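Here the structure is laid out as structure tokens; the discussion comes afterwards.
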Amino acid sequence: MNNSISKNIKKIKITIQKTAEKYKKDKKKIRLLAVSKQKSIIEIEKAINSNQFDFAENYAQEAIKKIKILNKKKYKIIWHFIGKIQSNKTKIIAQNFSWCHSICNSRIAIKLNNYRTKELLPLNSLIQINIKKNNEIDDKEIYNISDIIKSLPNLKLRGIMAIPNKINKKKEKEIKETYKKIEKIYNKLKEKYSSIDTLSLGMSNDIRIAIKNGSNMLRIGKSIFGNRK
Ligand SMILES: *Cc1c(COP(=O)(O)O)cnc(C)c1O
């Protein structure tokens, strides 16, 4: 078990490499995030020992404890916030993370901007796409939020994040269409804003289809650290 985290990371990197080759994507541009929610400092350090430096967390309160401990050890970790944002956690997020993937309204964007201190670089910001139960996406809403983020000096608009519904046999076709829609919206935004370069898409169960549809930031938990409680 001891070195399984490093083995898992190697395995995922091979999957990324092979999938990128298959779909003619540049593998060097695909960034792997280790989702460390519910995982211990020791487990995170095992991943660091395999040269993994991008970590993602879902809960501000849980994350801040780990960030404080690991900051003391002077690792060069890049922290990503990927969870649902509660308004009273915007300060913690704005002041302790390099990236925020889950901005889904302008009110939250404005709060993050206000709490991001000037001595930090602008917070790398992704708009979370809201995918409805019927796999519909309201793209107008995304363009509105993107205009607002663009106007905020302490946020840097980098792209979009999405969590597609689980693929089941019955809805397989519909969900594959959703991935294509996400890629289309991403490409449209990219044309509009030169700062956009990141599509955060793909978790342990959908790495391949995410890469196929242009993802360049994968958020992987279970396949690196094993199952959660
Ligand atoms: C938990 C989580 C992940 C990682 O999911 P795995 O299935 O463990 O790879 C990725 N993105 C978000 C937003 C998550 O909440």
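Just follow the structure's listing: the first ligand is 1, and inside any ligand the first atom is 1. No experiment lies behind these values; they were computed from the predicted model shown.
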With heavy atoms of [X] as the reference, note each atom of ligand 1 found under 4.0 Å away.
{"X": "Ile82", "value": "11 (N), 12 (C), 13 (C), 14 (C)"}
{"X": "Lys222", "value": "6 (P), 7 (O), 8 (O), 9 (O)"}
{"X": "Asn58", "value": "14 (C), 15 (O)"}

ask   = Between Glu177 and Asn135, is there a donor-acceptor pair closer than 3.5 Å when you use the side chain of the first and the backbone of the second?
value = no
query = Is Thr178 reaching over with its side chain to a backbone N or O of Glu174, donor-acceptor style, under 3.5 angstrom?
reply = yes
task = Examine ligand 1 and decide if any of its atoms is less than 4.0 Å from a heavy atom belonging to Ile220.
result = yes
ask   = Looking at ligand 1, does Arg228 have a heavy atom less than 4.0 Å from it?
value = yes
ask   = So does Lys176 have more than 12 non-hydrogen atoms from other groups sitting under 6.0 Å from NZ?
value = no
task = Taking atom NZ of Lys171 as the centre, report whether more than 12 heavy atoms of other residues, nucleotides or ligands fall under 6.0 Å from it.
result = no
What's the shortest distance from [atom] to any protein heavy atom, and which residue and atom give it?
{"atom": "atom 1 (C) of ligand 1", "value": "Lys37 NZ, 1.5 Å"}
{"atom": "atom 3 (C) of ligand 1", "value": "Met203 SD, 3.7 Å"}
{"atom": "atom 6 (P) of ligand 1", "value": "Ser204 OG, 3.5 Å"}

inquiry  = Regarding ligand 1, does Arg219 bring an N or O atom to under 3.5 Å of one of the ligand's N or O atoms?
reply    = yes
ask   = When only distance counts, is Gly221 in polar contact with ligand 1, meaning an N/O pair under 3.5 Å?
value = yes
side-chain contact (heavy atoms from CB on, under 4.5 Å) between Ile82 and Trp99, worked out = CA-CA 9 Å; Ile82 60 171; Trp99 288 74; over 6 Å; no
task = Indicate yes or no: does Asp147 engage Lys192 in a salt bridge with an N to O separation below 4.0 Å.
result = yes
message = Residue-level breakdown please: for Ile163 versus ligand 1, do any non-hydrogen atoms fall below 4.0 Å on the side chain, on the backbone, on both, or on neither?
response = side chain
